[in-house]
Amino acid sequence: PNNYILTIANTASTAGFFGIVLNTQLCDSPIYKTLRAMSTDMFVIHMWVWTIYYMFVYREKTYGLDSFLVTSAVSVLYSYFKQKTMNRRKALIKS
């Protein structure tokens, strides 16, 4: 019974989160371009991060909250610092 409740709660929270994201209007925001670039980087790297994480931690394919959190955190940090580095390079080139 607890697994069913957990599955329903996960489904509802995921649908709610995506509903919020879909209804957020950022196209006119100055941060939009950065978020799009970070999103692309995160999409490209997240499976590498997850694969390396489960290979070193569990030695077998596994799914779970810890894998999700580590993959998300590392992907976000990587893309954030990549964008920050690129912005610095662009600023140096302009000056």
With sequence neighbours left out, the residues meeting side-chain hydrogen bond (donor to acceptor under 3.5 Å, both in side chains) with D66 are Y53, Y58
dist F81:CZ -> M86:CE (nearest 0.5 Å) comes out at 15.5 Å
Linking Ile, Leu, Val, Met, Phe, Trp and Tyr through side-chain heavy atoms less than 4.5 Å apart, which residues share a cluster with L92?
none
Which pairs pass salt bridge (charged side-chain N to carboxylate O under 4.0 Å, His left out) with one or both residues in residues 44-60, sequence neighbours excluded?
none
In chain order, what residues pass the side-chain contact (heavy atoms from CB on, under 4.5 Å) check against V49, with sequence neighbours excluded?
I45, T71, V74, S75
ring-ring contact (aromatic ring centres under 6.0 Å, His included) partners of Y78, counting only residues at least two apart
none
In residues 13-26, what donor-acceptor pairs under 3.5 Å come from side-chain atoms, sequence neighbours left out?
unit_1, atom_1, unit_2, atom_2, d
S13, OG, A9, O, 3.1
S13, OG, N10, O, 3.0
T14, OG1, N10, O, 2.8
N23, ND2, G19, O, 2.9
T24, OG1, I20, O, 2.7

Please table the atom pairs, donor to acceptor, closer than 3.5 Å between any side-chain atom in residues 32-42 and protein atoms at least two apart or in another chain.
unit_1, atom_1, unit_2, atom_2, d
T40, OG1, R36, O, 3.1
D41, OD1, K82, NZ, 3.1
D41, OD2, Q83, NE2, 3.2

Residues clustering with L65 (ILVMFWY side chains joined when closer than 4.5 Å, directly or via others):
F68, L69
Do the side chains of V76 and F43 join up, straight or via other hydrophobic residues, at under 4.5 Å, putting them in one cluster?
no
Could you note down all residue pairs passing salt bridge (charged side-chain N to carboxylate O under 4.0 Å, His left out) where residues 85-95 supplies at least one of them, sequence neighbours left out?
none
With sequence neighbours left out, the residues meeting side-chain hydrogen bond (donor to acceptor under 3.5 Å, both in side chains) with Y80 are none
